[in-house]
S.K.: 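Can you read through this structure? Questions will come right after.
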Amino acid sequence: LVKHSGGCHCGAVRFEVWSSPDLHVFHCSCSICTKKQNHHFIVPKSNFTLLQGMDNLTTYSFNTHVAKHTFCRTCGVQSFYTPRSNPDGYVAPHCLDPGTVRSVEVEKFCGEQWEESMQAHKSIRDM
């Protein structure tokens, strides 16, 4: 594992996450990921540390309200969130600082058929 750092655009929100330098990233086609063009990878809550900006975060949720879409209230960037697929984990999608990622493998996830996809998708359930 390596320590990746990242944060929002304005710098108010900063985090660290321990993960492989080779990222397994999901491209989800659910309604919100499609609108945000969100690619993400999942890490356990124990591997995620919010360094600053808790008071600058706001949260959006919808439908089942399991996923917590947190974003910076200043610049609007979602630098991490709690996914419905792994509510005990965090997603650090596109806001990692350069220098620690060696490779990225992208796997499609059919979020339009979320329940069926979760049952059939072993790798995302095991993260």
Side-chain angles (χ1 to χ4, degrees):
L1 301 180
V2 299
K3 181 172 66 173
H4 302 285
S5 298
C8 67
H9 186 259
C10 73
V13 176
R14 295 292 300 161
F15 64 87
E16 291 177 346
V17 59
W18 287 90
S19 178
S20 169
D22 304 302
L23 305 183
H24 189 146
V25 175
F26 293 94
H27 178 206
C28 179
S29 62
C30 77
S31 61
I32 196 162
C33 287
T34 298
K35 295 253 183 214
K36 293 189 304 180
Q37 293 293 295
N38 196 19
H39 287 74
H40 51 272
F41 73 102
I42 299 166
V43 296
K45 186 176 186 177
S46 60
N47 288 10
F48 177 90
T49 303
L50 181 63
L51 300 173
Q52 69 181 46
M54 178 62 115
D55 58 337
N56 216 51
L57 292 174
T58 191
T59 303
Y60 171 71
S61 67
F62 67 101
N63 194 12
T64 65
H65 299 283
V66 174
K68 304 298 181 199
H69 300 271
T70 50
F71 57 95
C72 175
R73 68 177 68 239
T74 302
C75 67
V77 169
Q78 174 186 280
S79 50
F80 68 92
Y81 82 100
T82 306
R84 179 179 174 198
S85 63
N86 300 72
D88 62 335
Y90 284 85
V91 173
H94 44 272
C95 291
L96 296 178
D97 298 337
T100 55
V101 176
R102 181 171 49 205
S103 69
V104 178
E105 174 190 345
V106 179
E107 184 176 351
K108 290 189 179 204
F109 179 82
C110 182
E112 296 164 307
Q113 304 293 322
W114 198 91
E115 286 78 11
E116 294 87 357
S117 295
M118 277 302 293
Q119 291 303 317
H121 207 283
K122 181 166 176 37
S123 62
I124 200 168
R125 285 184 297 146
D126 291 344
M127 293 187 156

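Just so you know, residue 1 is the first one in the sequence shown, and it goes up from there.
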S.K.: Measure the OG1-NZ distance between T82 and K45 for me, rounded to the nearest 0.5 Å.
M.R.: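 One gets 7.5 Å once the value is rounded to the nearest 0.5 Å.
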S.K.: Between atom CZ of R14 and atom OG of S79, what is the distance when rounded to the nearest 0.5 Å?
M.R.: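 Going from the CZ atom of R14 to the OG atom of S79 covers 8.5 Å.
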S.K.: Compare every heavy atom of V66 with every heavy atom of P87, then report the nearest pair and how far apart it is.
M.R.: CB-CG1, 3.9 Å
S.K.: Evaluate the ring planes of H39 and H27, with Trp represented by its six-membered ring, and classify them as parallel (under 30°), tilted (30 to 60°) or perpendicular (over 60°).
M.R.: parallel
S.K.: What about the rings of F41 and H24, do their centers lie closer together than 6.0 Å?
M.R.: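 Ring centroids of F41 and H24 are no less than 6.0 Å from each other.
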S.K.: What distance do T100 atom OG1 and H4 atom NE2 have between them, rounded to the nearest 0.5 Å?
M.R.: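 The NE2 atom of H4 is 4.5 Å from OG1 of T100, to the nearest 0.5 Å.
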S.K.: Just how far is it from atom OG of S20 to atom CZ of R102, taken to the nearest 0.5 Å?
M.R.: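 The OG atom of S20 sits 6.0 Å away from the CZ atom of R102.
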S.K.: Hey, is the main chain of S29 close enough, under 3.5 Å, to the side chain of T34 for a donor-acceptor pair?
M.R.: yes
S.K.: Answer whether the closest heavy-atom distance between the side chains of V17 and L96 falls below 4.5 Å.
M.R.: yes
S.K.: H94 and Q78: which non-hydrogen atoms are nearest, and at how many Å?
M.R.: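 Closest heavy-atom pair between H94 and Q78: NE2-O, 3.1 Å.
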S.K.: Going by heavy atoms in the side chains, are H69 and T59 under 4.5 Å from each other?
M.R.: no
S.K.: Minimum heavy-atom separation for V13 and G53, please, with both atom names.
M.R.: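 Closest approach of V13 to G53: CG2-O, 4.1 Å.
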S.K.: Please tell me whether V43 and L50 are part of a single hydrophobic cluster in this structure, the criterion being side-chain heavy atoms less than 4.5 Å apart.
M.R.: yes
S.K.: I'd like to know if the side chain of T70 and the backbone of F80 have a donor-acceptor N/O pair within less than 3.5 Å.
M.R.: yes
S.K.: For residues 53-75, pull every pair meeting salt bridge (charged side-chain N to carboxylate O under 4.0 Å, His left out), keeping only residues two or more places apart or in separate chains.
M.R.: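 Qualifying pairs, neighbours excluded: none.
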S.K.: Taking all heavy atoms of A12 and all of C8, pick out the closest pair and write down the distance.
M.R.: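 Of all heavy-atom pairs spanning A12 and C8, the closest is N-SG, 3.5 Å.
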S.K.: Could you report the tightest heavy-atom contact between C95 and F15, atom names first, then the distance?
M.R.: O-CZ, 4.1 Å
S.K.: Do F48 and V2 sit in one hydrophobic cluster, given that two such residues count as connected whenever their side-chain heavy atoms are within less than 4.5 Å of each other, even indirectly?
M.R.: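 As far as the 4.5 Å side-chain criterion goes, V2 and F48 are not connected within one cluster.
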S.K.: Does the side chain of L1 reach to within under 4.5 Å of the side chain of N47, using non-hydrogen atoms?
M.R.: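 Yes, their side chains come closer than 4.5 Å.
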S.K.: Do W18 and T49 come within less than 4.5 Å of each other through their side chains, counting heavy atoms only?
M.R.: no
S.K.: How long is the straight-line distance from CG of L57 back to CZ of F71, given to the nearest 0.5 Å?
M.R.: 9.5 Å
S.K.: Judged by modelled atom types alone, do D97 and S5 share a side-chain donor-acceptor pair under 3.5 Å?
M.R.: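 Short answer, no.
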S.K.: List in chain and number order the residues that pass salt bridge (Lys or Arg N to Asp or Glu O under 4.0 Å) with K3, two or more places apart in sequence or in another chain; answer none if no residue qualifies.
M.R.: E16
